[in-house]
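In this text, all values refer to a predicted model and were calculated from it rather than measured experimentally. Counting convention: from 1, in listed order, for ligands and their atoms alike.
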Amino acid sequence: MSRPIINPFDQSVIAEVEDATRADAEAAIARARTAFDDGAWSSTSPEHRAAVLNRVADLLERDKEDIARTETLDTGKTIVESRIDVDDVAAVFRYYGGLAGALHPKIVPGAGADVISRIDYEPVGVCGLIAPWNYPLLQMSWKVAPALLAGNTLVAKPSEVTPLTTILLFQLLDEAGVPDGVANLVLGTGPEVGAPLSEHRDVDLVSFTGSLATGQRIMASAAGTVKKVALELGGKNPNIVFPDADLETAIDYALTAAFFHAGQVCSSGTRLILHESIHDDFVAEVARRADLVKLGNGFDEDTESGPLVSAEHRAKVESYVEIGLREGARLVAGGKRPDEPELQNGFFFRPTVFADCRREMRLVQDETFGPIITVEKFSSEAEAVFLGNDTDYGLAGGVWSQDLDLAQRVAKRLRHGTVWINDFGPYLPQAEWGGFKRSGVGRELGASGLHEYCEPKHVYQNLKPAAQNWFARKDRA
Ligand code: NAD
């Protein structure tokens with residue numbers, strides 16, 4: 001079936017892609033299985049595979065502008081953001097391209113003089129990789145690069161909403177020398193072509209980035225074959241500001257934390273938690289600046305934020321404005337679509353700020369995944385920590401204070417996979433990324449992001465084998 005791919009800025013059709021069927025997905029799994037069992041990739045040296053990843057990074061840099069433009073057309077994000085994404089994707093391929101040494105066998109110390117005990121890092125096998133629409137290429141690269149370095153074969157499924165840059169990436173994998181059958185791409189919906197990746201007995205690992213609800217479904221269906229599961233799910237991320245923070249900077253970051261990519265970021269700092277002594281002025285200034293955010297075409301230089309990804313997603317974000325108002329939150333900015341005539345065909349929504357929020361509100365607890373800030377107040381360090389942890393999620397959070405002992409203390413107590421002190425948002429290819437609690441299982445990036453795709457195997461070699469005479473001892477014969 002042919003699927004139109006829509007530009008969220010104006011609803012124009014930018015491409016038509018062919019959705020795969022369940023049978024196509026099963027055929028892709030079979031190709032990946034055969035390629036894995038042949039060993040043509042898994043038996044190459046980690047250094048060989050690393051060199052291929054470095055070639056992919058070179059090709060991404062060569063095609064950067066083309067890929068970035070495609071990502072902006074597909075997601076609506078600004079071209080500046082898309083260029084950053086491509087740079088980050090190349091950096092991830094380079095990082096794993098430098099990590100071949102992590103796959104070398106390790107001798108286990110203390111095994112005894114007459115024993116060689118060794119850990120080998122073998123590939124898991126066939127990996128099913130499923131990505132969301134908000135960072136289509138970036139999220140896929142966090143899976144593809146380590147999976148390939150470890151020697152796996154894979155079947156990847158991008159979001160049906162934003163498949164275009166993943167198609168380009170797979171062309172580059174081919175050009176860089178990934179052999180036939182090793183990296184397979186299937187396009188289409190979750191139930192049709194995503195589900196087989198968690199259900200099929202020939203898939204050994206499923207790595208998923210997306211919503212909590214889908215993650216739960218994938219975990220449940222992966223149980224049937226006890227395959228390995230890696231999940232990067234949602235977040236409801238606190239951004240906590242103490243009164244001694246550099247307030248000008250904290251205000252500036254409060255906006256970026258929540259409105260970057262129209263809030264469609266898993267680690268978005270949507271839950272602003274302010275000390276009561278700075279609350280009123282801080283909120284007034286955040287609201288004033290939220291009203292100034294320039295929405296527009298991602299290709300225009302002065303555009304600060306693009307549209308939401310789809311009509312369906314905007315409807316979900318809008319429903320949270322109604323929920324918030326019903327729950328008694330006070331709208332102090334946005335809460336509506338923009339008025340500009342030139343934005344009426346896009347899925348735009350104004351940056352929105354709600355004050356007087358309470359922890360039990362759905363607006364505060366649910367992941368809205370749009371440009372919505374909720375503001376809560378705290379009066380003590382203990383209360384700030386309590387509110388910061390008052391979520392089923394545990395992906396990321398920020399703490400602002402010039403008292404670094406205080407900031408480190410709070411960071412230590414926050415139950416989130418990433419905590420920023422006097423910052424919000426950065427991540428590093430070499431630092432683990434992932435969630436506590438319902439934000440996920442496992443880690444991406446860093447050395448752990450590679451080991452997700454490895455089976456450590458203990459090989460124990462006895463150098464002086466001799467009868468143990470444990471059973472049926474000769475003296476009893
Ligand atoms: P989604 O769960 O709707 O879809 C994600 C992917 O799963 C898509 O490719 C979709 O087609 C597929 N899918 C849907 N049903 C499936 C099924 N039954 N079996 C297999 N695959 C299925 O999520 P989304 O709306 O695309 O993305 C937004 C979500 O992703 C947000 O919750 C966000 O927080 C999360 N996210 C998390 C991270 C992270 O690093 N933790 C990063 C980006 C996005």
Taking only non-hydrogen atoms of L395 and a 4.0 Å limit, the atoms of ligand 1 in range are 41 (N)

If you compare P132, G210, P136 by their heavy atoms, the one closest to atom 29 (C) of ligand 1 turns out to be G210

Requested in this report: Please examine the side chains of Q264 and K77, heavy atoms only from C-beta on, and report whether any two atoms are closer than 4.5 Å.
Outcome: no

Check whether N239 reaches the backbone of I273 with its side chain - one donor and one acceptor, N or O, closer than 3.5 Å. no

The protein heavy atom nearest to atom 32 (O) of ligand 1 is E367 OE1, 2.6 Å

So is Y135 touching ligand 1 or not, going by heavy atoms under 4.0 Å?
no

F260 and Y253: aromatic ring centres closer than 6.0 Å? no

query: Any nitrogen or oxygen of G188, main chain or side chain, under 3.5 Å from a nitrogen or oxygen of ligand 1?
result: no

* Over 12 non-hydrogen atoms of neighbours within 6.0 angstrom of CZ in R62 -> yes

Within the side chain of N237, is there an N or O that forms a donor-acceptor pair under 3.5 Å with the backbone of C266? yes

Is it true that a side-chain atom of E452 and a backbone atom of A230 form a donor plus acceptor pair closer than 3.5 Å? no

Self-check item: Whether over 12 other heavy atoms sit under 6.0 Å from E16 CD
Solution: yes

Exercise for the section: Could you tell me whether a side-chain N or O of D74 sits under 3.5 Å from a main-chain N or O of E71, the two making a donor and an acceptor? Expected result: no

In ligand 1, the atoms that come under 4.0 Å of a heavy atom of G234 are 32 (O), 34 (O)

Ring centres of W400 and F282 under 6.0 Å apart? no

So the atoms of ligand 1 within less than 4.0 Å of a heavy atom of I130 turn out to be 6 (C), 7 (O), 9 (O), 12 (C), 20 (C), 21 (N)

Of all protein heavy atoms, the one nearest atom 28 (C) of ligand 1 is F369 CE2, 3.6 Å

- Using distance alone, determine whether T209 and ligand 1 share an N or O pair under 3.5 Å. no

Has ligand 1 got any nitrogen or oxygen that is less than 3.5 angstrom from a nitrogen or oxygen of K157? yes

Ligand 1 to Q139, heavy atom cutoff 4.0 Å, flagged ligand atoms 42 (C), 43 (C)

Q: Could you tell me whether ligand 1 has any atom less than 4.0 Å away from a heavy atom of P158?
A: yes

* Looking at ligand 1, does W142 have a heavy atom less than 4.0 Å from it? -> no

Does any N or O in the side chain of E455 come within less than 3.5 Å of the main-chain N or O of E122, such that one atom is a donor and the other an acceptor? no

Atom 8 (C) of ligand 1 has as its nearest protein heavy atom A131 O, 3.4 Å

of all protein heavy atoms, closest to atom 26 (O) of ligand 1 is W133 CD1, 2.9 Å

**Q.** Validation row: K236, T270 side chains within 4.5 angstrom (heavy atoms)
**A.** yes

Output for pair (S42 OG, R49 CZ), nearest 0.5 Å, gives 7.0 Å

For atom 20 (C) of ligand 1, the closest protein heavy atom turns out to be G194 C, 3.3 Å

Any side-chain to backbone donor/acceptor pair from R271 onto P238? Under 3.5 Å, distance only. no

Query raised in the report: Is I218 in polar range of ligand 1, meaning some N or O pair under 3.5 Å apart?
Result: no

Of all protein heavy atoms, the one nearest atom 15 (N) of ligand 1 is T214 CG2, 3.4 Å

Logged contact type for S198 with ligand 1, heavy-atom cut-off 4.0 Å, is neither

Nearest non-hydrogen protein atom to atom 11 (O) of ligand 1, with distance, is E160 OE1, 2.7 Å

message = With respect to W433, determine whether any N or O atom, backbone or side chain, lies less than 3.5 Å from an N or O atom of ligand 1.
response = yes

Looking only at protein heavy atoms, what sits closest to atom 39 (C) of ligand 1 is C266 SG, 3.3 Å

Check step by step if side chain to side chain donor-acceptor pair (under 3.5 Å) holds for S198 and S221.
CA-CA 6 Å; S198 59; S221 68; 2.7 Å; yes

### Query
Do any nitrogen or oxygen atoms of S439 come within less than 3.5 Å of a nitrogen or oxygen of ligand 1?
no

Counting heavy atoms under 4.0 Å, the part of V265 that contacts ligand 1 is neither

Below 4.0 Å from any atom of ligand 1, is there a heavy atom belonging to A195?
yes

>> Is it true that, when you exclude D291 itself, more than 12 heavy atoms of the residues, nucleotides or ligands shown sit nearer than 6.0 Å to its CG?
In response: yes

**Asked** Is it true that G435 lies under 4.0 Å from ligand 1, counting heavy atoms only?
**Response** no

Exercise. Is the number of heavy atoms from other residues, nucleotides or ligands within 6.0 Å of CZ (R22) greater than 12?
Worked result: yes

Note: N134, heavy atoms under 4.0 Å from ligand 1, region reported as side chain

